[in-house]
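Working notes, beginning with the structure itself.
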Protein chains: 2
Amino acid sequence: MGSPWKALSDDNRRKILLLLGKKDNMIPTEIAEHFKSTLPAISIQLRILKEADLIAERKLGKNRLYSLNRKKSLKLVEFFEDMYDYKLNSLKEYVENKEKKKKNNEN
Amino acid sequence: MGSPWKALSDDNRRKILLLLGKKDNMIPTEIAEHFKSTLPAISIQLRILKEADLIAERKLGKNRLYSLNRKKSLKLVEFFEDMYDYKLNSLKEYVENKEKKKKNNEN
DNA sequence: TATATAGTTATAGAACTATTTTAATATTAT
DNA sequence: ATAATATTAAAATAGTTCTATAACTATATA
């Protein structure tokens, strides 16, 4: 398991996360269209994000679908909570509800 | 101005931030006591955190006092908000109140 | 002024990171 | 089977980061 903080430290990787925040189940080719760099480069960034558990990968035919792992990102927000000695329950509840809704919508 | 995400990507630097979250106005020597590494190494980590605007430096005699810049950290939480398309007002208000209290206590 | 203290800066080596090009693999379609 | 497509893997290169040691700067004190 790679460090999620290292994974977040790259501009392109954070941009990928924002893309996946807007749209789940994107394929590498589609993601690469938003960047200047090559598909192999994007593939590596996706692997780093996956190894940091920030995104999830699903194989479907010859495609690989990538989606945000929202729960992991929440873990990172906990660092800021610790820094402020503050509990951020509202965000947790919000995301957990959103996850449930998503599951229900997936046929 | 250095990248705050790069600054956060190092374990020791995040540990420094947690230390400063518990106690403001720490000096490098005091911070270094919490680590295995040398004072020059800590000094460089503090510089990186300062250049990322995550901490503030104040000179007092031959000492340098370091404190968290809570507002900057909040900016980073906004990234997670963007990813979730969610506004985290409660945390903002909390930290802003805390800043005011701190200022009032500093005679 | 001399000395001690607190801290930074310079430098060098090891380890890590990112990107590109080229090749390899897996799946689907013909 | 063969070709086409989507994607990862490998190898080479370039650049960055971290740490330690040594040298330097600034302040305080005797």
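Keep in mind that this is a model prediction, so the values were computed, not measured. In what follows, every heavy atom counts, from backbone to side chain, and hydrogens, waters and symmetry copies are set aside. Convention: sequence-line order gives letters A, B, ...; per-chain numbering from 1.
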>> Are B:I55 and B:I16 packed together at the side-chain level, in the sense that at least one heavy-atom pair is separated by less than 4.5 angstrom?
In response: no

> Could you state the CD1-P distance from B:I31 to C:dA6, rounded to the nearest angstrom?
Replying inline: 14 Å

>> So B:S73 and A:M83, do their side chains get closer than 4.5 Å, heavy atoms only?
In response: yes

> Just wondering, are more than 12 heavy atoms of other shown residues or ligands nearer than 6.0 Å to NZ in A:K75?
Replying inline: no

> What is the per-nucleotide protein-contact pattern of nucleotides 16-21 of chain D, from the 5' end, where B denotes a base atom under 4.0 Å from a protein heavy atom, S denotes such proximity for sugar-phosphate atoms only, and - denotes neither?
Replying inline: -SSBSB

> Is there a side-chain contact (heavy atoms from CB on, under 4.5 Å) between B:L54 and B:L68 once you walk through the steps?
Replying inline: CA-CA 6 Å; B:L54 286 165; B:L68 274 194; over 6 Å; no

> Rounded to the Å, how far apart are B:I27 CD1 and D:dA28 P?
Replying inline: 14 Å

> If every non-hydrogen atom of A:D53 is compared with every non-hydrogen atom of A:M1, which pair is closest and at what distance?
Replying inline: CB-SD, 3.6 Å

Quick test: give all pairs of protein nitrogen or oxygen and nucleotides 25-30 of chain C nitrogen or oxygen below 3.5 Å, distance rounded to 0.1 Å.
none

>> How many whole angstroms separate atom CG of A:L8 from atom P of C:dT17?
In response: 14 Å

> Rounded to the Å, how far apart are B:N63 CG and D:dT29 P?
Replying inline: 11 Å

>> With side-chain contact (heavy atoms from CB on, under 4.5 Å) as the criterion, how do B:F80 and A:L8 come out once you've worked through the C-alpha distance, each side chain's angles and the decisive distance to 0.1 Å?
In response: CA-CA 11 Å; B:F80 294 96; A:L8 274 176; 3.9 Å; yes

> Taking CG from A:L49 and P from C:dA18, how many angstroms apart are they, rounded to a whole number?
Replying inline: 10 Å

>> What I want to find out is whether A:D24 reaches A:R70 closely enough, with some N-O distance under 4.0 Å, to be called a salt bridge.
In response: yes

>> In this structure, would B:L39 and B:M26 fall into the same cluster of hydrophobic residues linked by side-chain contacts under 4.5 Å?
In response: no

>> Within the 4.0 Å heavy-atom criterion, would you say A:Y66 contacts the bases, only the backbone, or no part of the nucleic acid?
In response: sugar-phosphate

